[in-house]
Each structure stands twice: as C-alpha cells, then as structure tokens.
Amino acid sequence: MSKPVITRFAPSPTGFLHIGGARTALFNWVFARKMGGKMLLRIEDTDRERSTEAAVAAILDGMSWLGLDWDSAPISQFARADRHAEIALQLLESGNAYKCYCTPQELTEMRERARAEGRPPRYDGRWRDRDASEAPEGVKPVVRIKAPQSGDIVVKDRVQGDVVFKAENLDDFIILRSDGTPTYMHAVVVDDHDMGVTHIIRGDDHLTNAARQIVIYRAMGWDVPEMAHIPLIHGPDGAKLSKRHGAMGVEAYRQMGYLPEALRNYLARLGWAHGDDEIFSTDQMVEWFSLEALNKGASRFDFVKLDNLNGHYIRSADPVRLYDVMVETASETGRNSDYAGLVSNKDTVLAAIPELQPRAKTVLELIDLAQFIYAERPLPIEEKAAQLLNQESVAHLAALTSAFSALDGWSVESLDGTVRAYAETVGLKLGKVAQPLRAALTGRTISPGIFEVMVLIGREESLARLSDVVGVGAGAHS
RNA sequence: GCGCCCUUCGUCUAGCGGUCAGGACGCCGCCCUCUCACGGCGGUAACACGGGUUCGAUUCCCGUAGGGCGCGCCA
C-alpha cells in the first residue's frame with residue numbers, strides 16, 4: 001500500500017506567475033488529482049530582498065484564474081527558518097556537516113584561481129577536517145554539508161530516467177549562511193520532507209540540484225521523494241523565453257483575451273501528449289495523465305497554435321459567460337468606450353455573440369467585432385470600406401433604403417429577399433450590393449452576415465446609418 | 001572550462017525493431033458563400049550526422065554536431 005500522493009508547487013515571489021511556472025503548477029495539480037492526492041503550495045520567500053507580497057498575490061491570482069486550486073494554506077519558507085537551522089545543527093552534531101570560516105573574498109579567489117587553471121569552480125573543502133580551534137577571530141562561519149567524495153549519486157527520475165552524477169563533481173555546498181539563514185538547497189529538502197511531499201515535479205533546470213539535495217536526504221536518513229523533472233519552455237526562436245515571447249505573467253494572457261481552459265489545454269500539450277488527442281477537457285487531462293508520458297525535450301511556445309485552441313474554446317463557450325469576460329477584459333485593459341458600449345447595449349451584444357464566436361480567436365477580437373453595435377453615428381468608415389462607397393453603389397443604397405423603408409417585416413428573410421430581388425432587377429450579383437451595404441452599416445469590410453447585422457441593430461438604426469451615407473452621396477450629386 | 005539533459009514536418013507531437021513514419025497548428029488549393037470567419041475536402045513538409053548491434057533500425061549502443069540547463073553565503 002503506497003502513501004497518498006502529495007505534490008507541491010513552490011514558486012519564489014519575485015514576480016508574476018510566468019508561463020513556465022504555470023505549466024509546472026498545472027502538472028503538479030493534474031498529477032495530484034489523478035492520484036487522488038493533494039497539491040500543496042509553498043512560497044519560497046527566503047530571499048528577502050526580492051520577495052514581495054504583491055508577487056505572492058499575483059501568483060495566487062494567476063493560479064486561481066487558471067483554475068488550479070491547492071490544499072491547505074500556502075506555506076512560507078521564510079517562516080520556517082528556525083526549523084531549517086535546527087536540521088543544520090543536527091547535521092553538524094552527527095558529523096555530516098561542518099563549519100567553514102572562509103570569507104567571501106577567499107571564495108572568490110578560490111573560484112578565480114580554479115577557472116584560471118581550468119578546473120571546475122568548486123569549494124576545495126579546506127575546512128572539512130580542520131579543528132574548530134583554528135577558527136579565525138571575528139569570522140562568522142557558514143555550515144557546509146559533507147558531500148560524499150567518491151561513488152555515484154543517482155537521481156531516479158520518472159521523466160529523465162536514472163541520471164548519474166559522480167560524487168567528485170559535487171562540492172561541500174553551504175546549507176546555512178553565516179547569518180544563520182538556510183540556503184535554498186537546504187530549505188527545499190527540509191520543507192519537502194516536513195510537508196510529506198511524495199512527488200517533486202519541477203523544471204529540469206533543477207535536475208543537477210536534485211543530486212545535491214539527495215546528499216542532504218541521505219545525511220538525514222530521509223526517504224528521497226519520487227522526482228519528475230519536466231523540460232523547459234523556450235521562445236519561438238528556441239532561446240530562453242523572454243518577455244517578447246511569452247514570459248509574461250498569466251494575467252497578461254488574460255488581458256490578451258485568452259480563456260483559462262484554452263491555456264490549460266495548450267500548456268498540457270507542451271511536453272505531454274496522450275496519443276493524437278489535441279483538444280481535451282481538464283477532466284480528460286486528469287484521467288489520461290501520467291508522468292511517463294511527459295517528454296524530455298524542451299518545446300517552443302507558439303502563439304499561433306494557442307490562438308487556434310483559444311478560437312475553439314471561444315466557439316464552444318457560453319455566450320453569457322463570454323459577455324461577462326468581454327466586459328471584464330474591456331475594463332481591465334482600459335478600453336473605456338468599448339466598456340461603455342458593451343454595458344449599455346447588453347441585450348444586443350448578447351444576441352450578437354453567437355455571430356461573433358466563429359470569427360474571433362481572442363476575447364479582444366470578440367470586442368472588436370462587437371463594435372459595430374455601439375458605434376456612434378455617423379459611423380467612422382474604414383478606408384477599405386470607403387472605397388466601396390462610390391457614386392454608383394451609393395445610388396443602389398439609396399434605392400435599397402426606400403425598399404427597406406417600405407418593408408413590413410424586419411427579419412433576415414425579408415431583408416435577404418429584398419436585397420436579392422433588387423440585385424436581380426439591376427442585374428448585379430448579390431455581393432455587389434451587399435458589400436456596400438456592409439460598408440455603410442458597419443463602416444468595415446468584414447462583419448457577420450449583413451442581414452443579421454441589420455436585425456441586430458434594428459430597423460431604426462439601420463435606416464439612420466444608411467441615410468448618413470446616402471444623404472451625403474445624394475447631396476453631392478443631386 | 002566541467003557536469004547533466006535534449007534532438008521526428010517551420011511549430012506542438014504520435015511512434016516504444018518490421019508503419020506508404022500518423023495527428024494537430026501554420027501554409028497552399030478547392031468547395032460552401034453577401035465580406036470575414038466557421039465547416040468540409042485535398043495538398044506541402046520530418047526521423048541532425050557518422051559508426052556499430054541486428055535478418056531488419058526513427059526505435060537499442062557509441063561518437064560527432066547543434067541546442068538547453070547547472071556550476072553563488074539567488075531561488
């Protein structure tokens with residue numbers, strides 16, 4: 001009988017929740033759910049200089065938006081400093097660690113000399129066996145772990161397989177600083193152990209750290225958790241993800257108009273696959289997930305594919321929810337006139353959304369497509385639309401305006417019939433009159449079906465917008 | 001420099017000794033059509049290179065090349 005699974009996500013609060021962290025959190029979350037276990041959250045805030053409360057809030061918000069919840073209250077690593085020191089002391093007493101009185105300058109020299117002589121820049125262990133009586137005056141020591149000097153340390157990794165490190169390549173690294181605070185390497189091990197973490201899932205930039213951490217586990221006689229080091233995400237050019245690429249916080253993705261379920265689906269497909277399945281729900285993800293199906297190679301972030309997936313989820317989303325997201329997004333991104341237009345034309349926008357859905361890849365595009373509804377008269381006419389409104393086409397619009405005015409009903413069918421009949425009468429293809437109509441009614445060359453547009457904005461507004469165009473045209477040529 | 005990891009269409013990937021190397025995005029063409037989308041159909045395009053092992057390698061092993069990560073009193 002195996003222990004219940006406990007995973008953890010351990011961000012350091014020095015900025016937002018970036019896309020790589022979001023995926024790490026996602027995999028920890030999915031795995032915990034799959035195994036019926038828990039995912040804990042630990043804030044690695046031991047770097048007091050760089051950690052901020054705002055960053056903690058941003059990370060929690062980002063996870064919530066993505067739909068990733070965690071069990072128990074987030075744990076502050078900084079708050080556990082006493083416990084870390086306690087373990088370091090135990091290691092000291094058991095002879096598995098020792099005090100080192102080297103000064104930072106001394107260490108810098110050591111590294112520089114090593115580099116100059118072509119040796120790896122590692123601590124040479126000069127205090128490993130020295131007696132405490134040799135300690136210099138006025139120097140506060142650090143505590144270093146006694147790493148094994150021979151043999152292999154193997155990281156048994158569920159993704160990477162057995163990774164072997166030779167002990168001679170590891171030095172006696174610091175576990176407690178001279179001010180008594182723990183280093184990351186030490187705090188992580190103590191926390192993961194105390195939290196009962198059974199599976200460590202993290203970026204493979206930690207793979208070499210894993211070997212060092214195993215040294216501490218061994219010295220304490222603790223079980224080493226299962227490990228899974230997942231590959232990193234690169235930018236479109238194969239290099240490290242930069243802000244230009246996508247290393248923004250997840251809230252930036254929200255502001256760009258992506259839906260959380262789309263991002264989850266996309267992120268899951270970066271480094272993980274379940275056969276040929278491309279689009280799947282989060283429940284399916286949980287059902288299908290396995291650590292062994294994770295890839296070992298890094299992948300590139302591709303906005304084009306994210307757009308495609310997002311388009312899919314927009315198409316299948318509930319219009320009422322989309323409306324709310326549109327309003328929220330307009331507000332958050334400072335699109336004030338859109339915000340006002342969306343709010344004061346709620347019913348019309350709601351009715352229009354099904355027409356907009358297949359045409360948008362992001363919520364921002366959705367908003368853009370809705371603008372014809374609340375645009376102020378006289379409509380701003382885009383350049384390409386203006387080209388459609390020449391003397392001839394405006395004359396047709398004038399004729400159509402009369403026909404529309406005489407119309408009894410105002411439906412897609414009646415409008416369609418009217419325009420088709422007119423086009424046939426004057427010997428034109430439908431497109432020849434429908435396009436100018438679109439230009440006059442929306443100010444653009446693209447929009448939902450033009451008869452749908454007319455029904456949406458209504459008879460009065462349609463005729464008014466037409467007269468805005470026809471009036472000018474008629475005035476100029478009569 | 002040292003250590004570790006990685007390498008299938010442009011991108012994300014399937015593949016776990018024998019496949020016409022599959023899917024998705026993108027791109028191109030056709031259909032649908034009042035525009036743009038959506039949808040449908042078709043097409044383009046890949047096993048980094050060199051050695052082994054094997055009857056047979058995309059698949060297993062070793063090199064080479066390329067890329068990534070790590071080597072702090074940062075996390």
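Sequence lines set the chain letters: A, B, ... in the order given, protein chains first and strands last, and positions in each chain run from 1.
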Which atoms of nucleotides 37-42 of chain B (N or O only) lie under 3.5 Å from a protein N or O atom, and what are those distances?
| unit_1 | atom_1 | unit_2 | atom_2 | d |
| --- | --- | --- | --- | --- |
| B:A37 | O2' | A:Pro358 | O | 2.2 |
| B:C38 | OP1 | A:Lys361 | NZ | 3.4 |
| B:G39 | OP1 | A:Arg315 | NH1 | 3.2 |

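- If you take CG of A:Asp416 and P of B:U35, they are 12 Å apart, rounded to a whole angstrom.
- Going from the P atom of B:U58 to that of B:G51 covers 13 Å, rounded to whole Å.
- The residue A:Pro448 sits close to a base: some heavy atom pair falls under 4.0 Å.
- Nucleotide B:C5 holds its C1' atom 15 Å from the CG atom of A:Leu294, rounded to whole Å.
- Among the protein residues, A:Gly431 comes within range of the sugar-phosphate backbone only, with heavy atoms under 4.0 Å from sugar or phosphate atoms but none that close to a base.
- Of all heavy-atom pairs between A:Gln357 and A:Pro354, the closest is OE1-CA, 3.3 Å.
- Within the 4.0 angstrom heavy-atom criterion, only backbone atoms of the sugar-phosphate kind lie near A:Val164; the bases stay farther away.
- Among the heavy atoms of the strands lying under 4.0 Å from A:Val304 are primed sugar atoms or P, OP1, OP2 only; no base atom is included.
- When heavy atoms are screened at a 4.0 angstrom cut-off, A:Phe451 is found touching base atoms of the nucleic acid.
- Minimum atom distance to the side chain of A:Arg111 is reached by B:C73, of the listed B:C73, B:A75, B:C12.
- Base engagement by A:Arg438 is indicated by at least one non-hydrogen atom pair under 4.0 Å involving a base atom.
- Going from the P atom of B:C41 to that of B:C32 covers 15 Å, rounded to whole Å.
- Base contact: A:Ile450 has a heavy atom under 4.0 Å from a base atom.
- Out of B:C6, B:C5, B:G70, the shortest distance to the side chain of A:Lys296 is found at B:C6.
- Taking the six-membered ring for Trp and the full ring otherwise, A:Tyr313 and A:Tyr258 have centroids separated by 6.0 Å or more.
- Atom-to-atom, NE2 of A:His234 to C1' of B:G67 comes out at 8 Å; the value is rounded to the nearest Å.
- Neither OP1 nor OP2 of B:C36 sits under 4.0 Å from any side-chain N or O of A:Thr445.
- Under the Watson-Crick and G-U wobble criteria, each requiring two contacts below 3.5 Å, nucleotide B:G1 is paired to B:C71.
- Contact check, A:Asn295 against B:A14: a side-chain N or O comes under 4.0 Å of OP1 or OP2.
- As a whole-Å value, the separation of A:Asp276 CG from B:C25 P is 12 Å.
- Using a 3.5 Å distance cut-off with no hydrogens or angles, the side chains of A:Thr181 and A:Arg177 do pair a donor with an acceptor.
- Straight-line distance from the NZ atom of A:Lys305 to the P atom of B:C25: 7 Å, rounded to whole Å.
- The separation of B:A21 from B:C28, taken at their C1' atoms, amounts to 23 Å, rounded to a whole angstrom.
- A donor atom on one side chain and an acceptor atom on the other are found under 3.5 Å apart for A:Asp338 and A:Tyr374.
- Inter-residue side-chain proximity for A:Met227 and A:Lys156 is flagged as unmet; no heavy-atom pair is nearer than 4.5 Å.
- Side-chain proximity of A:Arg177 to the nucleotides B:G23, B:U11, B:C74 is greatest for B:C74.
- The listed nucleotides are B:C71, B:C73, B:C5; the one nearest the side chain of A:Leu107 is B:C73.
- Contacts of A:Ser51 with the nucleic acid, taken as non-hydrogen atoms under 4.0 Å apart, are absent.
- The side chain of A:Glu452 sits closest to B:C34 out of B:G23, B:G3, B:C34.
- The partner of B:C16, taking Watson-Crick or G-U wobble pairs whose two distances both stay under 3.5 Å, does not exist in any strand shown.
- Using a 4.0 Å heavy-atom distance criterion, A:Glu278 is classed as a base contact.
- Atom-to-atom, CD1 of A:Ile174 to P of B:C73 comes out at 4 Å; the value is rounded to the nearest Å.
- Counting heavy atoms from C-beta outward, A:Gln213 and A:Tyr184 have side chains that approach closer than 4.5 Å.
- Annotation: B:U8 and B:C47 have their C1' atoms spaced 4 Å apart (nearest Å).
- Using the Watson-Crick or G-U wobble rule with both distances under 3.5 Å, B:U53 pairs with nothing in any strand shown.
- On the C1' atoms, B:A48 is 16 Å away from B:G68, given to the nearest whole Å.
- Under 4.0 Å is where a charged nitrogen must lie from a carboxylate oxygen, and between A:Asp368 and A:Arg444 at least one such pair does.
- Using modelled atom types and a 3.5 Å distance limit, the side chains of A:Asp191 and A:His84 yield a donor-acceptor pair.
- The C1' atoms of B:U7 and B:U13 are separated by 14 Å, rounded to the nearest whole Å.
- Look at B:G10: its Watson-Crick or wobble partner, with both distances under 3.5 angstrom, is B:C25.
- With distances taken from any side-chain atom of A:Leu232 to the nucleotides B:G68, B:G3, B:C5, the minimum falls on B:G68.
- No contact: A:Arg444 has no heavy atom under 4.0 Å from any strand.
- A:Gly271 comes within 4.0 angstrom of the backbone, heavy atoms only, and of no base.
- Here the separation of B:U11 from B:C74, taken at their C1' atoms, is 33 Å to the nearest Å.
- Look at B:G39: its Watson-Crick or wobble partner, with both distances under 3.5 angstrom, is B:C31.
- With sequence neighbours left out, the side chain to side chain contact (heavy atoms under 4.5 Å, CB included) criterion links A:Asp277 to A:His274, A:Phe280, A:Trp288.
- Base contact: A:Ser178 has a heavy atom under 4.0 Å from a base atom.
- Within 4.0 Å of A:Cys100, counting heavy atoms only, lies no atom of the nucleic acid at all.
- Comparing B:U59 with B:U54, their P atoms are spaced 16 Å from each other, to the whole Å.
- Residue A:Asp172 is tested with A:Arg144, A:Arg212, A:Arg128 for a salt bridge (charged side-chain N to carboxylate O under 4.0 Å, His left out); the sole match is A:Arg128.
- To the nearest angstrom, C1' of B:C25 lies 12 Å from CG of A:Leu270.
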Just do the salt bridge (charged side-chain N to carboxylate O under 4.0 Å, His left out) check on A:Asp47 and A:Arg50 with the steps written out, would you? CA-CA 6 Å; A:Asp47 184 342; A:Arg50 297 194 298 152; 2.9 Å; yes
